[in-house]
Amino acid sequence: MVSDFDKLKKLANKGDAAAQCDLADIYYDVFDEHFDPEKAGKWYLKSAEQGNAEAQFCLARMYSWGDGVEQNIDESLRWYKEAIKNGHTDAMCDLASMYLYDPDVRRNTKKAVKLLQDASEMGNPSAQYFLGLIYLDGEIVEQDYAKAKELFEKSAEQGYTYSQFNLGEIYYTGIGVKKSYKNAFKWYSLAAENDHALAQYAVATMYLEGKGVKKSYKDAFKWMKEAAEQGIRSAQYDLALLYHYGNGVKKNDKEAFKWMRFVADDLFDEQDELLGTEYVESEESGE
């Protein structure tokens, strides 16, 4: 019996651009038995040369990272621009990022902002988020809190986790809006459900303090544990206290000690790094 993979490969060999891109996706999937980045690059190229925007985008990334192909920034830029001509909004975001942050690409803030604006207007949630950050920061455009909030909302309503968290931050602190713990809790909760560690800690804290939501040690414990397991030190400390005092969970000093130990080990590691840096600096200065 002919497998689906073999059928796809047959279509790709016949020159079907969509099949070529799909085949490349399989070869580029690290969890697939056929994983082979070099083959992925070859099939993306065949598809890209036929005008497939997704293949052009993927090929541009491969050239940018030097993954499966030899790193070539010029080729990366070329394929990003081809994908953008075909309306690929993620390519717009990547190219904007290169114009802003890539040391091998000449910085061009005007082009970067224009790309993000175009992608945002086309509904790309990532572009809306990054453009929102730019307006919030006010370094390369005139600072505009209202515009930042508007962009975060558009992105967050599409389920973009980082925008949901940022809206929580905006409402919690009252940056450019009337402070609202209720709205902050709403957006933090959505981000927490999407596994955002800091949002999980924020939700836990709001349950502990009864801000924007009815106070609940049980719910606070649930979210504190989620954040602690993702490595948020403050959550690990607070979780230890919840276990120690038996708030929201059965009192358990063994668990309390375990989580407090994580915090202590983390602090000692930081102290060791700091002392190591000071030692190197003193050695270099001959002191």
Side-chain angles (χ1 to χ4, degrees), residues 21 44 47-48 51-65 71-180 183-184 186-188 190-191 194 196 198-199:
C21 186
Y44 278 137
S47 182
N52 185 291
E54 181 65 17
Q56 292 167 341
F57 167 68
C58 293
L59 188 61
R61 281 192 160 181
M62 293 183 84
Y63 275 119
S64 175
W65 301 334
Q71 188 176 40
N72 188 320
I73 297 302
D74 289 336
E75 281 297 291
S76 176
L77 293 174
R78 178 168 85 88
W79 286 112
Y80 272 133
K81 289 173 182 177
E82 288 297 320
I84 289 167
K85 287 178 186 176
N86 289 315
H88 201 292
T89 57
D90 284 335
M92 296 176 189
C93 294
D94 276 17
L95 185 56
S97 180
M98 291 180 80
Y99 282 138
L100 289 173
Y101 308 116
D102 195 316
D104 295 319
V105 177
R106 184 176 179 181
R107 183 174 168 87
N108 192 321
T109 57
K110 186 175 181 181
K111 283 185 178 180
V113 170
K114 179 65 168 60
L115 284 165
L116 290 174
Q117 286 174 335
D118 290 345
S120 295
E121 289 169 5
M122 293 169 73
N124 186 291
S126 181
Q128 291 162 347
Y129 167 70
F130 284 110
L131 190 58
L133 288 180
I134 287 172
Y135 278 109
L136 192 64
D137 177 68
E139 182 181 343
I140 61 177
V141 297
E142 185 177 349
Q143 194 170 53
D144 190 331
Y145 291 133
K147 185 67 176 175
K149 174 178 169 289
E150 177 190 339
L151 286 161
F152 287 145
E153 283 177 339
K154 287 180 179 179
S155 176
E157 285 165 0
Q158 295 187 68
Y160 199 79
T161 305
Y162 296 109
S163 291
Q164 293 168 341
F165 176 73
N166 275 22
L167 279 174
E169 294 281 271
I170 284 172
Y171 278 113
Y172 191 89
T173 57
I175 297 176
V177 298
K178 184 178 180 181
K179 185 182 288 190
S180 169
N183 282 333
K186 168 192 166 184
W187 290 111
Y188 278 143
L190 288 171
N194 285 329
H196 192 293
L198 287 175

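Keep in mind that the numbers below use all heavy atoms, side chains included, and drop hydrogens, waters and symmetry copies. One-based numbering along the sequence shown.
- Side-chain contact of Glu169 with Tyr188: a donor-acceptor pair under 3.5 Å is present, judged by distance alone.
- The backbone N or O of Tyr99 sits nowhere less than 3.5 Å from a side-chain atom of Arg107 that would complete a donor-acceptor pair.
- The nearest pair of heavy atoms linking Leu167 to Ala156 is CD1-CB, 3.6 Å.
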Evaluate the side-chain contact (heavy atoms from CB on, under 4.5 Å) criterion for residues Ile84 and Leu115: first the C-alpha distance (whole Å), next the side-chain angles of each, then the deciding distance (0.1 Å), finally the verdict.
CA-CA 9 Å; Ile84 289 167; Leu115 284 165; 4.0 Å; yes
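- Between the CG atom of Asp137 and the CG atom of Asp144 there is a distance of 13.0 Å, given to the nearest 0.5 Å.
- The structure places CD of Glu82 at 6.5 Å from CZ of Arg78, a figure rounded to the nearest 0.5 Å.
- Around atom OH of Tyr162, no more than 12 heavy atoms belonging to other residues, nucleotides or ligands sit under 6.0 Å away.
- Note on Lys114 versus Asp118: salt bridge recorded, some NZ/NE/NH1/NH2 to OD/OE distance being below 4.0 Å.
- Across every non-hydrogen atom of Tyr80 and Met98, the tightest pair is CE1-SD, 3.5 Å.
- Of the inter-residue distances, the one linking Phe57 atom CZ with Leu95 atom CG reads 11.0 Å to the nearest 0.5 angstrom.
- No donor-acceptor pair under 3.5 Å is formed between the side chain of Gln164 and the backbone N or O of Trp187.
- In this structure, the separation between CG on Leu151 and CG on Leu131 is 5.0 Å, given to the nearest 0.5 Å.
- Nearest heavy atoms, Tyr171 versus Lys178: CD2-O, 4.0 Å.
- Distance check: Tyr63 OH to Leu77 CG gives 12.5 Å after rounding to the nearest 0.5 Å.
- In terms of heavy-atom proximity, Asn194 sits nearest to Gly159 at ND2-O, 3.8 Å.
- Taking the charged nitrogens against the carboxylate oxygens, Lys154 and Glu150 do have a contact shorter than 4.0 Å, which makes a salt bridge.
- Aromatic ring orientation, Phe165 versus His196: parallel (interplanar angle below 30°, classes split at 30° and 60°).
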side-chain contact (heavy atoms from CB on, under 4.5 Å) evaluation trace for Tyr160 with Gln128
CA-CA 10 Å; Tyr160 199 79; Gln128 291 162 347; over 6 Å; no
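- Ring-plane geometry between Tyr129 and Phe152 is classed as tilted, the angle between the planes lying from 30 to 60 degrees on a 0 to 90 degree scale.
- Here CD of Glu139 is found 9.5 Å from CG of Leu100. Values are rounded to the nearest 0.5 Å.
- Put simply, the side chain of Gln56 never gets that close to the backbone of Trp79: no donor and acceptor are under 3.5 Å apart.
- Among all heavy-atom pairs drawn from Ser163 and Ser155, the shortest one is OG-OG, 2.8 Å.
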Run the side-chain contact (heavy atoms from CB on, under 4.5 Å) test on Met92 and Leu116 for me, step by step, so that the C-alpha distance in whole Å, both residues' side-chain angles and the decisive distance to 0.1 Å come before the verdict.
CA-CA 7 Å; Met92 296 176 189; Leu116 290 174; over 6 Å; no
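- Taking both residues in full, the closest heavy atoms of Asn124 and Cys93 are given as OD1-SG, 3.6 Å, listed atom of the first, atom of the second, then distance.
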Tyr135 and Val141: side-chain contact (heavy atoms from CB on, under 4.5 Å), yes or no, with the steps?
CA-CA 6 Å; Tyr135 278 109; Val141 297; 3.7 Å; yes
